[in-house]
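Note sheet for the following structure.
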2 protein chains.
Amino acid sequence: MADVARSAGVSTMTVSNVINGRPRVGAATRERVLAAINELGYQVNLAARHLRAGRTGVVGLAVPELERPYFGQLASRLADRFEAQGLRIVMERTGASREGEMDAVAFSRLRMYDGLILSVVDIDPAELAQIRTDAPVVMIGERALPSGFDHVMMDNVDGARQATAHLLATGARRIAMLGGDPTGSANMPALRAEGYALAHTQAGVPMEPDLAVRCRFRLQDGYDEVRRLIERGIGFDAVFALTDLVAIGALRALADAGLRVPDDVQVVGFDDIDEAPYLVPSLSTVNPGHEEMADAITALLLAQLNGGGPTRDPQELIVPAHLIRRGTTKPVD
Amino acid sequence: MADVARSAGVSTMTVSNVINGRPRVGAATRERVLAAINELGYQVNLAARHLRAGRTGVVGLAVPELERPYFGQLASRLADRFEAQGLRIVMERTGASREGEMDAVAFSRLRMYDGLILSVVDIDPAELAQIRTDAPVVMIGERALPSGFDHVMMDNVDGARQATAHLLATGARRIAMLGGDPTGSANMPALRAEGYALAHTQAGVPMEPDLAVRCRFRLQDGYDEVRRLIERGIGFDAVFALTDLVAIGALRALADAGLRVPDDVQVVGFDDIDEAPYLVPSLSTVNPGHEEMADAITALLLAQLNGGGPTRDPQELIVPAHLIRRGTTKPVD
DNA sequence: TTGAAAGCGCTAACAA
DNA sequence: TTGTTAGCGCTTTCAA
């Protein structure tokens with residue numbers, strides 16, 4: 001900028017004024033400055049501007065994995081909303097690890113982002129609470145954490161309960177659950193497992209431990225675990241997959257085994273990803289309230305941004321989930 | 001930092017040394033500084049550090065849409081590679097618009113990113129060439145552009161040719177093409193359309209203009225266009241979808257119409273997204289060389305980063321594509 | 001309408 | 001081992 005100023009025979013301040021389109025600059029001066037900028041190929045240094053301004057205009061979205069459809073679709077919804085406010089959304093991954101998640105918080109604390117939306121998976125609630133940050137942060141995804149952060153959750157328990165209840169109502173009695181994590185307590189698999197158990201209790205149907213299979217959230221995992229159930233001769237008449245991706249893998253394994261969906265085995269997923277209605281048969285799944293979540297996240301973060309940090313008491317919001325009945329489940333009798 | 005220094009009774013330089021783990025600091029001093037940091041809740045300001053260092057350790061990946069599986073999966077591959085080099089990948093969207101793409105370049109030029117990977121869709125080649133930037137940039141996605149940037153492409157023409165040739169070899173004679181853009185010349189749809197045409201010419205099979213349908217790359221578009229073809233009574237015995245997402249939409253429309261795949265209508269997609277092998281029937285598609293592209297992109301960008309900019313002549317790389325035969329196509333006789 | 005001075009928070013280079 | 005100085009590139013404030 002100093003070069004430009006020198007070349008145009010003005011002060012850096014005038015250059016700054018021209019660049020930022022501030023009014024009180026003479027036309028001739030402006031011309032000269034613009035010419036110099038052009039000639040020298042000058043470009044603003046944002047790092048410096050941010051240092052000065054104390055803000056970046058960027059909102060970070062940190063998710064476990066960049067390739068999970070759910071997160072891509074969430075990012076897209078958030079980007080729509082934040083762009084309308086003149087803010088950029090950038091997405092990065094934490095690798096679903098404690099470190100990655102702490103890193104993301106650190107990164108935003110460190111003023112690269114004006115605000116951060118963090119999908120927490122592996123971080124310890126106690127550890128979270130310890131983080132001292134005055135940077136705007138909204139947490140998403142898991143259950144109520146005693147963390148002191150704004151927090152938007154989907155209703156994992158009730159969504160899973162609805163899915164399982166529907167399967168039971170359509171006559172299923174042996175429902176395999178793919179992805180349940182019997183160990184954790186506040187994490188997503190545990191919550192969805194809770195809903196699965198709740199529906200069984202409410203319907204007075206006993207659960208079979210062999211049918212609760214722990215697995216990760218990839219296509220391959222759903223496929224492998226269903227195959228394994230079949231090979232082990234463990235009979236089941238329905239599958240509740242903890243994510244749609246797992247459900248897609250399961251559907252493939254069922255087809256390979258010659259089992260018809262939904263006649264022999266019904267399937268319900270969770271997430272209602274964009275692809276769900278287009279599968280053959282179309283996937284019944286739990287819609288976690290996509291638009292409402294995006295709205296809530298946006299509103300909470302904007303409130304913090306405008307308020308200069310987490311001034312209010314931390315908000316906790318649970319967005320209602322609802323079951324979408326499609327082709328992989330039978331109609332209720 | 002000054003506060004910390006004052007509180008610990010040392011200079012800011014010593015604080016800096018402690019924070020960055022530099023060796024020559026007395027143990028007692030270090031303790032005192034750490035205590036002060038802790039007590040004051042001090043956090044480094046990265047904007048300042050970047051201003052100083054002239055680099056950010058971040059590589060930007062700008063793609064048309066965050067929710068397209070292809071890009072999520074590409075991002076994941078790139079993140080693996082760059083993280084191994086101690087660099088963060090952050091992903092943002094351009095909206096497939098000229099402005100968005102120019103913005104992305106501007107943003108990186110402006111030193112928010114050490115380097116940028118840009119998936120170009122809508123930007124004008126001439127305009128691109130004009131951009132004066134000494135920031136490391138690698139372009140991906142489209143055909144050779146006279147742009148002066150490093151550029152990694154998939155082999156759109158040959159991939160489409162292989163897909164179409166396979167359909168012709170299995171007996172298909174009326175192949176609908178979904179997504180072809182008859183107008184553009186250097187863009188992806190046009191290139192894939194070129195491969196489609198080439199295969200017809202080589203096989204001596206005439207093309208039917210009604211079968212080349214222009215559409216966008218969403219699930220819904222594939223669905224709508226196939227429905228429309230059927231409603232208009234335009235017969236076809238195969239579909240070449242310009243992306244896998246479009247293919248998935250098409251498969252759904254075929255199923256709705258009671259057409260069996262691959263017996264009545266064969267289908268081939270393009271991209272080989274992770275979901276393709278898990279569909280029922282599994283999707284035959286063109287693998288554009290995922291790993292090779294990620295390797296090439298990483299190598300080119302790292303070379304620029306280490307060389308301090310685009311010092312070499314710009315490189316252009318075309319990664320070979322290959323057809324993956326799965327369940328939506330018939331075996332060759 | 002324009003400019004000079006000061007400082008955002010950090011660290012390289014050098015001095016003590 | 002620790003401290004001083006200077007400056008990265010920008011913009012706010014105040015003066016001309």
Side-chain angles (χ1 to χ4, degrees), chain A residues 1-37 40-58 106-114 133-135 308-309, chain B residues 1-37 40-58 106-114 133-135 308-309:
Chain A
M1 184 182 258
D3 293 342
V4 174
R6 204 171 313 117
S7 160
V10 298
S11 76
T12 60
M13 208 43 240
T14 302
V15 176
S16 174
N17 286 332
V18 170
I19 289 170
N20 294 287
R22 277 185 273 264
R24 293 141 198 290
V25 179
T29 316
R30 165 171 286 112
E31 287 312 313
R32 235 168 343 118
V33 171
L34 289 175
I37 284 175
L40 297 174
Y42 165 79
Q43 356 174 129
V44 182
N45 180 324
L46 277 193
R49 179 178 287 175
H50 294 159
L51 174 58
R52 218 20 255 224
R55 38 168 282 133
T56 61
V58 177
F107 200 57
S108 77
R109 268 202 311 186
L110 303 178
R111 321 281 168 95
M112 279 282 59
Y113 299 143
D114 289 349
T133 178
D134 45 359
Chain B
M1 184 182 258
D3 292 343
V4 173
R6 204 171 313 117
S7 159
V10 298
S11 75
T12 60
M13 205 47 235
T14 301
V15 176
S16 172
N17 286 333
V18 169
I19 289 170
N20 294 285
R22 278 187 273 265
R24 292 141 199 291
V25 180
T29 315
R30 165 171 286 114
E31 288 312 313
R32 236 170 338 120
V33 170
L34 288 175
I37 284 175
L40 298 175
Y42 164 79
Q43 352 173 132
V44 182
N45 180 324
L46 277 193
R49 181 179 285 174
H50 293 159
L51 174 59
R52 210 32 246 216
R55 36 168 283 131
T56 61
V58 176
F107 200 58
S108 79
R109 268 204 309 189
L110 301 179
R111 320 282 169 97
M112 277 285 52
Y113 299 143
D114 289 347
T133 178
D134 46 357

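Order of the sequence lines fixes the chain letters, A, B, ..., with proteins taken first and strands second; residue numbering starts at 1 for each chain.
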Measure [atom1]/[X] against [atom2]/[N] and give the value in whole Å, please.
X     : N      : atom1 : atom2 : answer
A:Q43 : D:dC10 : CD    : C1'   : 15 Å
A:M1  : D:dT12 : CE    : C1'   : 13 Å
B:R55 : D:dC8  : CZ    : P     : 19 Å
B:R52 : D:dG7  : CZ    : P     : 10 Å
B:N45 : D:dG9  : CG    : C1'   : 14 Å
B:L51 : D:dG9  : CG    : C1'   : 6 Å

Testing the basics here: between [X] and [Y], what is the closest heavy-atom pair and its distance to 0.1 Å?
X     : Y      : value
A:G9  : A:R32  : O-NH1, 4.2 Å
A:T56 : A:D114 : N-OD1, 2.6 Å
B:V33 : B:A8   : CA-CB, 4.0 Å
B:A36 : B:S7   : CB-OG, 3.6 Å

Which value, rounded to the nearest 0.5 Å, describes the distance between [X] atom [atom1] and [Y] atom [atom2]?
X     : Y     : atom1 : atom2 : answer
A:L34 : A:T29 : CG    : OG1   : 10.5 Å
B:R30 : B:I37 : CZ    : CD1   : 10.5 Å
B:L40 : B:R6  : CG    : CZ    : 9.5 Å
A:M1  : A:M13 : CE    : CE    : 7.5 Å

Nearest to side-chain heavy atoms of B:N20, which nucleotide of C:dT11, D:dC10, D:dT11: C:dT11

Can you name the atoms? Protein N/O to nucleotides 2-5 of chain D N/O, anything below 3.5 Å, with the distance.
{"residue": "D:dT2", "atom": "OP1", "partner": "B:T29", "partner atom": "OG1", "Å": "2.2"}
{"residue": "D:dT2", "atom": "OP2", "partner": "B:G26", "partner atom": "N", "Å": "2.5"}
{"residue": "D:dT2", "atom": "OP2", "partner": "B:T29", "partner atom": "OG1", "Å": "3.4"}
{"residue": "D:dG3", "atom": "OP2", "partner": "B:S11", "partner atom": "N", "Å": "2.9"}
{"residue": "D:dG3", "atom": "OP2", "partner": "B:S11", "partner atom": "OG", "Å": "3.4"}
{"residue": "D:dG3", "atom": "OP2", "partner": "B:T14", "partner atom": "OG1", "Å": "2.8"}

Under-4.0 Å side-chain N/O to phosphate OP1/OP2 contact, A:R49 with D:dT11: yes

Atom pairs, protein N/O to nucleotides 14-16 of chain D N/O, distance under 3.5 Å:
none

Close side-chain approach of B:R49 and B:I19, heavy atoms under 4.5 Å: yes

